[in-house]
Amino acid sequence: IRPVTPDDLERLDRAHVWHPFAPMAEWLSEPPLVIDRAEGHELIDVRGRRYLDGVSSLWLNVHGHRHPTIDAAVRAQLDKVAHTTLLGLGSTPSILLAERLARLAPPGLERVFFSDAGSTAVEVALKIAFQY
């Protein structure tokens with residue numbers, strides 16, 4: 001990765017990134033906020049300014065950023081495999097987590113479906129209902 005300045009990143013963002021959760025005309029009318037890193041519950045922009053991550057990065061980051069235990073678990077998993085799907089195969093972490101969740105669930109709830117989005121969860125819920 002080539003070195004870039006904060007000004008370069010702001011210019012490149014405006015030229016090449018579509019921000020689907022913001023009206024683009026409004027986004028382009030002001031200097032963009034470009035996050036470079038995070039610590040705990042703070043986001044840090046490319047100019048070093050800190051912001052409380054009040055939306056928890058939107059996808060439920062309740063433990064904050066760069067939590068040592070979570071980071072160590074991610075690094076350990078990356079040493080094994082970065083990503084697999086459940087499309088016709090299983091994976092050690094998904095099997096062990098499903099078993100643990102099933103033990104915590106009320107009696108009769110014995111299977112787990114992992115999803116990354118509400119629309120996928122609804123689609124699969126319908127498929128499960130049809131199969132049942």
Exercise. Not counting sequence neighbours, which residues clear side chain to side chain contact (heavy atoms under 4.5 Å, CB included) with V34? List them please.
Key: L9, E10, P32, V46
Quiz prompt | salt bridge (Lys or Arg N to Asp or Glu O under 4.0 Å) partners of R49, counting only residues at least two apart | solution = D45
Quiz prompt | Closest heavy-atom pair and its distance - R66, A38 | solution = CD-O, 2.8 Å
Quiz prompt | side-chain hydrogen bond (donor to acceptor under 3.5 Å, both in side chains) pairs, two or more places apart, involving residues 77-99 | solution = S91-S94, E99-R103
Self-check item: Atom of V17, atom of M24 and distance for their closest heavy-atom approach
Solution: O-CE, 3.7 Å
Quiz item: Where do A121 and S115 come nearest, in terms of heavy atoms and distance?
Solution: N-OG, 3.4 Å
Quiz item: More than 12 foreign heavy atoms under 6.0 Å from CZ of R47: is that the case here?
Solution: yes
Quiz prompt | Hydrophobic cluster partners of V124 (side-chain heavy atoms under 4.5 Å) | solution = F113, I128
Quiz item: Can you pull the side-chain hydrogen bond (donor to acceptor under 3.5 Å, both in side chains) pairs that have at least one residue in residues 15-30, sequence neighbours excluded?
Solution: D13-H19, D13-W27, H19-W27
Exercise. Under the salt bridge (Lys or Arg N to Asp or Glu O under 4.0 Å) rule, collect the residues that match up with D36, sequence neighbours excluded.
Key: none
Quiz item: With sequence neighbours excluded, what pairs up with H67 under the ring-ring contact (aromatic ring centres under 6.0 Å, His included) test?
Solution: none
Self-check item: Cluster companions of V112 among Ile, Leu, Val, Met, Phe, Trp, Tyr (side-chain spacing under 4.5 Å)
Solution: L86, L97, L101, F114
Quiz item: Got a sec, which residues hit side chain to side chain contact (heavy atoms under 4.5 Å, CB included) with R50, two or more places apart in sequence or on another chain?
Solution: E39, E42, I44
Self-check item: Residues which pass side chain to side chain donor-acceptor pair (under 3.5 Å) with T5, listed by chain and number, not counting sequence neighbours
Solution: D8
Practice problem: Run through the side-chain heavy atoms of Ile, Leu, Val, Met, Phe, Trp and Tyr, join any pair under 4.5 Å, and report what else lands in I70's cluster. | Solution: V74, L78
Practice problem: State which residues pass salt bridge (Lys or Arg N to Asp or Glu O under 4.0 Å) with D71; sequence neighbours excluded, sorted by chain then number. | Solution: none
